[in-house]
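A short write-up of the structure that comes next.
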2 protein chains.
Amino acid sequence: MLALVGIGLDAKDISIKALEFLKNAQIVYADTYTSITSSESLKYISDATGKEIIPIGRSRMEEKLADTIKDASRLDVAILVIGDPLVATTHHIILDEAASRGIETRVFHSSSIFSAGIGESGLDIYKFGPTTTIPFWSEHYKPTSFMDVIARNLANKEHTLVLFDLNSPTGTAPMPIEQAKQIINMADKEGILALEKKVLILADIGRASQSIKYIEFSKIPSLARDLSGRILSMIVPSQMSFAEEESVKRFS
Amino acid sequence: MLALVGIGLDAKDISIKALEFLKNAQIVYADTYTSITSSESLKYISDATGKEIIPIGRSRMEEKLADTIKDASRLDVAILVIGDPLVATTHHIILDEAASRGIETRVFHSSSIFSAGIGESGLDIYKFGPTTTIPFWSEHYKPTSFMDVIARNLANKEHTLVLFDLNSPTGTAPMPIEQAKQIINMADKEGILALEKKVLILADIGRASQSIKYIEFSKIPSLARDLSGRILSMIVPSQMSFAEEESVKRFS
């Protein structure tokens, strides 16, 4: 059996059901490719289940998929994933591969930035357009499509949840807020966010260290020190209702 | 302290962190107003924590909010909520009320239909427009705005997650698929779904009984028997990529 196990946003966010499954699993990997895997979470899970957790980087996840699936034909193999495990396409590919070889699969859901981040913001989940991600830029890869999503959502009077890439070219590390702002500035040719536009900056959602700031986009650099090293995302609000305005005031 | 505790989609979906909190809470309510509260989940939580769980219906949730908050000023009060607790606006009102009285609040996130439902469908979460809900109709309340959301998302080449109301006029019971189809037929004046359009019908997402069907809208009545009494939602796919087409084939 091959199981994808969501470990949520915080240490001990893993479900009772998932933890019980892991106690009987033979191999437990942790996906360190598509997400930053909190060492605190992994330590807790390892202690609580008595299992060694094997970090599985990009190479093993993609190149050695066949091996992993072969193991799953005779053993219970679990792959731990931050958040909810089915949000990333990579994990669908793994499930489909396993299923096509007749291997039983299971999915353990958990808390996700999609529902928790939007929920914590106090903005109406029914008013969110498509989510987007700001990827790290490299010399030859400078995608700006995330800006099109934000612009289109604003035109449609929809809020946007904007995730910041977690996979830097030099290894897994969250995108710092200053870098995100620089990339947005370069991608935002129409100056949609440049001047007075206020956004929500979300840090460490679902953890004790959670913080949310409602701040003018241009003032983001003032947050850099506080937010250093933390997992970040942003919400670009469209037109807000009175209740939504009241709700985001808490974060001013 | 007042805590909102997400209990997720399945029995034992509650997080380790939340269960530990409940063991030390003095009052534990279960919100039976905004969601169908699985008796299996509540039994598990009650057994595991040794706490009596008090169902808190619409009257107590709204009329007796002040009492609940007064209790929370001297005791640890928890309110159990299906899925992730901050998705419904009601819960924000409770948190805001408590916070404005200087009462400490906590939120325990969990799996949600928003991330898990979209994830299980295999459709790209980045291509979903706003979610909508089909409410029960009554003699004097026949809202059709959900149909506008679906139509606009389709025009924008975006998929739509459509939730079915869980609060029937005669008490908490999930909307049956035949009733949802009837309401859609009456609301869908332009016939967007009527003929050949295929949709995904999601039942019991995150549970062992989970089923997903990719089916022509007109053929929904053939599912009625299988889906009787189950918690349902629907995804109206817009234009799909090749990978998405491959993914939904599993559900044909």
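Convention: sequence-line order gives letters A, B, ...; per-chain numbering from 1. Only this structure's heavy atoms are used, side chains among them; waters, hydrogens and symmetry mates stay out.
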* To do: Could you look at Arg250(A) and say if it's the side chain, the backbone, both or neither that has a heavy atom under 4.5 Å from chain B?
  => side chain

* Could you please spell out the steps behind the side-chain contact (heavy atoms from CB on, under 4.5 Å) verdict for Phe114(B) and Ile118(A)? => CA-CA 11 Å; Phe114(B) 284 90; Ile118(A) 291 174; over 6 Å; no

* Side chain, backbone, both or neither: which part of Asn156(B) has an atom under 4.5 Å from a heavy atom of chain A? -> both

* To do: Heavy-atom distances under 4.5 Å only: say whether Tyr44(A) touches chain B with side chain, backbone, both or neither.
  => side chain

* With a 4.5 Å heavy-atom cut-off, do Glu158(A) and Pro130(B) have their side chains touching? -> yes

* Asked: Can you tell me if NZ on Lys127(A) sees more than 12 non-hydrogen neighbours from other groups inside 6.0 Å?
  -> yes

* To do: Under 4.5 Å heavy-atom distance to chain B, tell me which part of Leu163(A) shows up: side chain, backbone, both or neither.
  => side chain

* Which region of Phe128(A), side chain (C-beta onward) or backbone (N, CA, C, O), has a non-hydrogen atom less than 4.5 Å from a non-hydrogen atom of chain B, or is it both or neither? -> backbone

* **For chain A, the option from Val149(B), Asp124(B), Asp10(B) that forms the most heavy-atom pairs under 4.5 Å** => Asp10(B)

* **Beyond-backbone contact of Ile14(A) with Ile16(B), side-chain heavy atoms, under 4.5 angstrom** => yes

* Asked: Given a strict heavy-atom distance threshold of 4.5 Å, which part of Asp96(B) is in contact with chain A: side chain, backbone, both, or neither?
  -> side chain

* Asked: Under a 4.5 Å heavy-atom cut-off, does chain B meet the side chain of Ala11(A), its backbone, both or neither?
  -> backbone

* Let me know if Ser110(B) has heavy atoms under 4.5 Å from chain A in its side chain, its backbone, both or neither. => backbone

* Taking atom CD of Glu20(A) as the centre, does the number of heavy atoms from other residues, nucleotides or ligands within less than 6.0 Å exceed 12? -> yes

* **Residue part contacting chain A, namely of Val87(B), when any heavy atom lies under 4.5 Å** => both

